[in-house]
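First comes the structure, then the notes that go with it.
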Amino acid sequence: MSDEGQEWMLLPMDETVARRQGIPLKVPVPKEEFEGLADEGLSGEKLTGWIKGFLENAPVAKDGNWRRRNSEIVSQLEGFIDKQPLLEKAQRLFAENQFEAAMKTLKRVTVMMPDDHSSRLNYANALANQGQHDKAFKQLRQIRDTWKGDPDFHVTVAQLQVTRNNNDAAVEELLLALEAKPDHFGAMDALAKLGVLAKIYEDPRDANSLTFVRADSVLDYLTQHWDSAERDADYYLEQMGYHAIEQRYDVARAAAERAIAATEGVCHRGEEGRIEALRALGDAAGALEAAKAYVEQAGDRAAAHIELSRCLAATGDGDGARAAVDAALKADPGDQEAIALKLWPDDRNSLQEVGERLPQIEAYAEANAEVPGAWRSLARAKLVTGADEESLQLFEKAVGLAPEDDDLRSEWWSELARQTKYDVIIADSEKIENLPERDWKLRWNEAEAYRGLNRAMEARAVYMQLNSDDTLHVDIRKRAKRAAMETGGGD
């Protein structure tokens with residue numbers, strides 16, 4: 001192929017394809033290789049060899065008159081060869097986090113081969129990653145005709161439009177991306193961030209159930225999905241909790257009402273979720289009416305009185321709200337929210353205000369010495385005021401009074417971890433025989449403690465157990481998988 005007697009053809013390339021791939025608009029092909037080109041394809045290594053062979057050995061490539069008449073193609077062929085070491089250098093510099101040097105190298109390539117729109121796209125992305133959005137946008141505008149119809153290109157442009165506070169233009173670009181590839185995840189995810197679409201899991205425990213729905217049609221979509229099969233109250237309660245966390249309160253309300261309808265007797269979680277959703281939707285009167293009716297059904301359930309208190313407070317009835325809190329504490333002296341509403345200040349993170357209320361919180365705990373929730377509330381107050389050691393002792397005391405309360409124990413372990421007392425967590429975890437069957441937050445804290453003690457193998461085992469637990473929300477399982485990968489497998 002490199003002999004001087006080799007016969008060559010200059011094969012014209014599709015301009016858009018050539019610019020996207022960063023190859024010359026005409027490429028030399030040995031005549032003997034032409035017929036097999038359609039079957040074998042044109043690899044970068046093969047093309048580089050052919051261009052070198054053509055420039056070094058083809059008589060026409062050494063002819064001055066021919067080179068003058070075809071100066072543009074000669075420049076492209078020589079530029080293609082000369083840019084290869086620069087591209088390798090840029091890649092190495094990026095890997096070494098030498099971003100400025102890497103971008104300068106890429107810029108040289110774009111000057112050397114202006115029609116290499118692949119390198120110009122990479123250069124634009126590098127500029128954007130370094131926060132040079134205007135320069136990146138200028139590069140993308142210049143190569144738009146080449147890359148239009150490519151979904152990744154339109155997503156990149158959309159991201160830059162967002163940085164320019166031009167969300168309408170960003171949406172237009174993302175719609176172009178979806179026209180080119182209707183299932184393009186990046187485009188749909190970006191539209192979700194812009195509020196055009198909503199990103200939802202039909203089943204919060206199944207990663208494969210992720211879908212994107214028009215933000216103004218989520219309830220309509222889910223209503224059809226819910227109606228497509230038999231569902232029980234537990235299903236709707238899970239849906240209620242998931243959508244409430246995502247602040248889709250209209251969906252949470254609808255799920256709560258379905259859970260209530262599917263329950264014989266009183267569906268406590270459904271009633272409470274419906275009241276919370278009504279209040280979040282701004283329907284204070286409707287929430288209050290529902291809360292009053294729920295209290296009549298719920299009897300001595302503290303949560304019912306708390307919901308009533310919140311609804312009364314929202315409608316300006318302070319005396320009624322306080323009376324409802326008292327009723328909640330009578331039903332459950334250890335209810336954390338009731339204690340906070342009764343004794344804590346509005347700003348529960350204010351050191352000064354919590355400190356001023358501390359004597360009352362402490363007196364309440366001493367008056368209810370057998371109630372774990374009273375000591376838990378005092379432990380939380382001590383944390384706010386900076387008495388960390390005393391707080392941990394109080395948490396431990398509360399756990400001793402309620403050893404089966406996983407939520408309480410996990411809060412204690414979280415505070416132990418925050419103060420890097422990982423050995424205490426592990427020592428306590430060894431006392432629990434059925435820990436793998438307990439609340440996921442306990443298992444997570446156990447894994448974090450092993451990780452903090454550099455016991456990577458044990459940490460990884462617990463993370464992987466969490467990842468494989470299909471009763472957990474998919475986001476929790478994803479977090480566990482990431483943590484396991486970060487931890488590695490050795491001590």
Side-chain angles (χ1 to χ4, degrees), residues 245 272 276 279 300-314 318-425 427-429 438-439 441-442 444-446 448-449 452:
I245 289 172
E272 290 153 15
E276 289 175 8
R279 199 166 51 245
D300 289 335
R301 184 175 171 85
H305 294 289
I306 289 171
E307 289 303 327
L308 177 58
S309 175
R310 288 172 172 157
C311 291
L312 289 166
D319 290 339
R322 286 185 286 273
V325 169
D326 289 338
L329 287 173
K330 184 178 179 181
D332 181 2
D335 187 281
Q336 292 303 288
E337 186 61 21
I339 295 173
L341 289 170
K342 175 76 174 179
L343 301 174
W344 284 58
D346 291 338
D347 185 353
R348 299 179 188 180
N349 295 311
S350 169
L351 186 153
Q352 180 179 343
E353 293 184 30
V354 174
E356 290 171 355
R357 297 289 187 92
L358 193 58
Q360 299 174 51
I361 301 170
E362 196 159 7
Y364 183 85
E366 291 170 354
N368 296 272
E370 299 304 313
V371 178
W375 297 110
R376 185 181 188 179
S377 185
L378 179 57
R380 290 177 171 180
K382 292 288 185 179
L383 274 180
V384 176
T385 58
D388 290 352
E389 285 297 330
E390 193 174 354
S391 171
L392 291 177
Q393 293 171 10
L394 290 167
F395 273 122
E396 185 174 8
K397 181 175 184 175
V399 169
L401 291 170
E404 298 304 312
D405 188 335
D406 287 353
D407 188 64
L408 169 58
R409 190 184 295 270
S410 68
E411 185 174 355
W412 175 38
W413 284 7
S414 293
E415 291 306 324
L416 286 167
R418 190 175 64 82
Q419 298 181 42
T420 66
K421 296 181 182 294
Y422 304 117
D423 53 339
V424 180
I425 297 173
D428 191 57
S429 72
R438 302 287 282 268
D439 188 273
K441 294 188 290 295
L442 283 182
W444 187 277
N445 280 315
E446 180 195 20
E448 292 287 280

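Side chains are part of it too, since the values below use all heavy atoms of this structure and drop only hydrogens, waters and symmetry mates. For this chain, numbers begin at 1 and follow the sequence in order. For clarity, every value in this text was computed on a predicted model and none was experimentally measured.
Side chains of Val399 and Pro372 form no contact here, defined as non-hydrogen atoms less than 4.5 Å apart.
Electrostatic pairing of Glu272 and Arg310 does not count as a salt bridge here, judged by no charged N lying under 4.0 Å from a carboxylate O. Note on Arg376 versus Asp407: salt bridge recorded, some NZ/NE/NH1/NH2 to OD/OE distance being below 4.0 Å. The pair Asp406-Arg409 does not meet the salt-bridge criterion, since no charged nitrogen lies less than 4.0 angstrom from a carboxylate oxygen.
The shortest heavy-atom contact between Arg279 and Ala314 is CD-CB, 4.4 Å. Here the closest non-hydrogen pair linking Ala381 and Ile361 is CB-CD1, 4.0 Å. The two residues Ser350 and Val384 come nearest to each other via the heavy atoms O-CG1, 3.9 Å.
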**Message:** Walk me through whether Ser377 and Trp344 qualify under side-chain hydrogen bond (donor to acceptor under 3.5 Å, both in side chains).
**Reply:** CA-CA 9 Å; Ser377 185; Trp344 284 58; 3.0 Å; yes

Please report the C-alpha distance between Phe395 and Arg380 in whole Å, then the side-chain angles of each, then the deciding distance to 0.1 Å, and finally whether the side chain to side chain contact (heavy atoms under 4.5 Å, CB included) criterion is met.
CA-CA 8 Å; Phe395 273 122; Arg380 290 177 171 180; 4.1 Å; yes

Side chain to side chain contact (heavy atoms under 4.5 Å, CB included) between Trp375 and Glu366, worked out:
CA-CA 8 Å; Trp375 297 110; Glu366 291 170 354; 4.2 Å; yes

Report task. Take Arg348 and Arg357, measure what side chain to side chain contact (heavy atoms under 4.5 Å, CB included) needs, and give me the verdict at the end. Result -> CA-CA 10 Å; Arg348 299 179 188 180; Arg357 297 289 187 92; over 6 Å; no

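Summarising the geometry, atom CH2 belonging to Trp412 is positioned 11.5 Å from atom NZ belonging to Lys421; distances are rounded to the nearest 0.5 Å. If you take CZ on Arg418 and CG on Leu392, they are separated by 8.0 Å, rounding to the nearest 0.5 Å. Taking CG from Asn349 and CG from Asp346, the interatomic distance works out to 12.0 Å, rounded to the nearest 0.5 Å. Note: Leu341 CG to His305 NE2 = 13.5 Å, rounded to the nearest 0.5 Å. The CG atom of Leu383 lies 10.0 Å from the CG atom of Leu378; values are rounded to the nearest 0.5 Å. Distance check: Asn445 CG to Asp439 CG gives 9.5 Å after rounding to the nearest 0.5 Å.
Within a 6.0 Å radius of CD in Gln352, other residues, nucleotides and ligands contribute 12 heavy atoms or fewer. The environment of CG in Asp300 is sparse: at most 12 heavy-atom neighbours from other residues, nucleotides or ligands sit within 6.0 Å.
There is no side-chain donor-acceptor pair under 3.5 Å between Ser429 and Trp413.
For the pair Asp405 (side chain) and Leu408 (backbone), a donor-acceptor distance under 3.5 Å is present. Remark: side-chain polar atoms of Ser391 are paired, donor with acceptor, to backbone N or O of Ala379 under 3.5 angstrom.
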Return all side-chain donor-acceptor pairs below 3.5 angstrom for residues 324-335, not counting sequence neighbours, or 'none' if the list is empty.
residue, atom, partner, partner atom, Å
Asp326, OD1, Lys342, NZ, 2.9
Asp332, OD1, Gly334, N, 3.0
Asp335, OD1, Glu337, N, 3.1
Asp335, OD1, Ala338, N, 3.0

